[in-house]
Amino acid sequence: MDIVIKGGTLVLGEGVFPAEIGITGEKVAAVGQSLDGGRVIEATGCLVLPGGIDAHTHLGLSLGPDLASSDDFESGTIAAACGGTTTVINYAEQCGYASLLEALDAWQAKAAGRAVIDYSFHMLIIDPCPDVIEEMAAIVQQGVTSFKALLAYKGIVMLDDAQLFRVLERARDLRALVNVHAENGHLIDELVAACRAAGQTAPRYHALTRPEVAEAEATERALALAEAAGAPIYIVHITCARAVDALRRAQARGQAAFGETCPQYLLLDERVYESEDFDTAAGYVLSPPLRERGNQGALWTALTAGTIQTVGTDHCPFTREQKARGRDDFTLIPNGLPGVETRVPLLYHYGVREGRLSLSDWVRLTATNPARLFGLYPRKGTLLPGSDADLVIFDPGKRVILDAGHLHTHTDYSPYAGWEVQGWPRHVLQRGRFIVEDGEFVGQAGGGRFIPRRPFALPASLA
Ligand code: URP
Ligand code: ZN
Ligand code: ZN
């Protein structure tokens, strides 16, 4: 074996036990005791876990000719690596192309030679005309086995019910999973028009025009359409108890319905929008918005009850200067927050340390379940012999004060500025190579690979 990691506690979605890990080349070769190897990595006192999988990022998202999310595939994946994530599944927008295949090629070109960790894509569908519906098969053949549809952003990317139904039916036949952004775009536009008419321009109106009911209704509707199509469905960035309840009822009906939430909805709440300081409030503008704090308990419970299966980030950072485009009109504030670097440590600190999650829950939600749902398991999301040697040696005692200056994402603020977390990655390996050593990034641009994913199959176990 080339590397043996000794002395650590192995944390898998499947269980927690002391074990050594042996690595040969890019793969886990053995899990056991008294392994012999070339380089010995001492992990006493540390947790050894599979590299995180963030199934919701927007690296390189273009929102027009002069506006893009502030992380490209290099800076965003360096941030991911430093925070213990070794695979991202990024949203591939249509980039102005009529053809999905051309759009996917453009996204492959954005990532190749830049990403420092492995990656895949979900293909966004904004115009499900017959040619596009036909072309979905070619996308699946390339190993991109999930699509995204939005019920918000009317006139830009929003699908109507008939269009979503067609996408769901086609995805069902192709064994692909449809990820849905569930907010009622019609209702939001009505509320925005009323605010405009009343001269209400501050960031707080972003939240007030995207109420929980808009999410609850769209979640119910997406689930109903998936039921009618007999298709599996994955609801992204769930924020509130009503949407959780809709998902739980769909699951009780026997639907293959899955959900994701994000650290910002578990840990932050709508009070941030009350700040009189535009930069502060605008920094938290994302869609759906942060909610009333009472929702957080329902989200945490949904994670341990198995109603919500994954914690992604919706990493979509912008700088303060970019956010300032909306100083006089909240609808012009680019939507999104940074989060890819802080996901695994925040879930450890506020989940595991504060007694809301077990160690295995933590790894299941941040690595194993995304791998199972998105066709990466057991290559990724676990550390079984034959799995990619993507792993994190996590120091549960290391204290870090979160602050934009020390984080690697290309933003000039952190939504968690000043928060102290205990527990941070010490070393991170991708396919047997160190990409983070003693907390320092040591990987290289282009070290990450596109990972073709298998078609969707109902996972035997997720909870
Ligand atoms: O505000 C957000 N979430 N921006 C990214 C795009 C999306 O809706 O997921
Ligand atoms: Zn979204
Ligand atoms: Zn998103």
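Indexing begins at 1, ligand by ligand and atom by atom, following the structure's order.
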ask   = Do the side chain of Asp403 and the main chain of Gly405 share a donor and acceptor less than 3.5 angstrom apart?
value = yes

note = Per-atom filter on ligand 1: closer than 4.0 angstrom to a heavy atom of Cys316 are 5 (C)

inquiry  = Counting non-hydrogen protein atoms only, what is the nearest one to atom 3 (N) of ligand 1? Give residue, atom name and distance.
reply    = Asp314 OD2, 2.5 Å

key: Heteroatoms of the protein, restricted to N/O/S, which lie under 2.8 Å from the Zn ion (ligand 2)   = His181 ND1, His237 NE2

ask   = Hey, what's the ring geometry for Phe450 with Tyr119, parallel, tilted or perpendicular (30° and 60° as the breaks)?
value = tilted

query = Would you say Tyr153 contacts ligand 1, with heavy atoms under 4.0 Å as the rule?
reply = yes

Over 12 foreign heavy atoms within 6.0 Å of CD, Glu354 = yes

query = Which of the atoms in ligand 1, numbered in the order shown and given with their element, are less than 4.0 Å from a heavy-atom of His56?
reply = 9 (O)

query = Is the Trp362 ring parallel, tilted or perpendicular to the Tyr348 ring (thresholds 30°, 60°)?
reply = tilted

key: For Leu286, atoms of ligand 1 separated by under 4.0 Å from a heavy atom   = 1 (O)

ask   = Any idea how His58 and Tyr91 line up, ring-wise: parallel (<30°), tilted (30 to 60°), or perpendicular (>60°)?
value = parallel

inquiry  = Checking a contact table here: which protein heavy atom is nearest atom 1 (O) of ligand 1, and how many Å away?
reply    = Ser287 N, 2.7 Å

task = List the steps and the verdict of side chain to side chain contact (heavy atoms under 4.5 Å, CB included) for Ile308 and Leu365.
result = CA-CA 9 Å; Ile308 291 180; Leu365 293 162; 5.6 Å; no

inquiry  = Taking 4.0 angstrom as the limit and counting only heavy atoms of Lys148, give me the atoms of ligand 1 inside it, by number and element.
reply    = 9 (O)

request  = Please step through ring-ring contact (aromatic ring centres under 6.0 Å, His included) for the pair Tyr234 and Phe374, ending with a clear verdict.
outcome  = CA-CA 10 Å; Tyr234 176 87; Phe374 290 107; 4.9 Å; yes

key: Arg293 atom CZ, neighbour heavy-atom count above 12 within 6.0 Å   = no

message = Only heavy atoms of His58, strictly under 4.0 Å: list the atoms of ligand 1 that pass.
response = 5 (C), 6 (C), 7 (C), 9 (O)

query = Is the Lys NZ or Arg CZ of Arg204 less than 6.0 Å from the centre of Phe278's six-membered ring, within 45° of the axis?
reply = no

request  = Tell me yes or no: between the side chains of Asp329 and Thr331, is some donor less than 3.5 Å from an acceptor?
outcome  = yes

message = Can you tell me which portion of Asn335 lies within the under-4.0 Å heavy-atom range of ligand 1? Options are side chain, backbone, both, or neither.
response = both

task = Scan for salt bridge (charged side-chain N to carboxylate O under 4.0 Å, His left out) pairs involving residues 87-112, sequence neighbours excluded, and state none if there are none.
result = none

key: Contact atoms of ligand 1, heavy-atom distance to His237 under 4.0 Å   = 8 (O), 9 (O)

query = Which value, rounded to 10°, describes the NE2(His58)-the Zn ion (ligand 3)-NE2(His56) angle?
reply = 100°

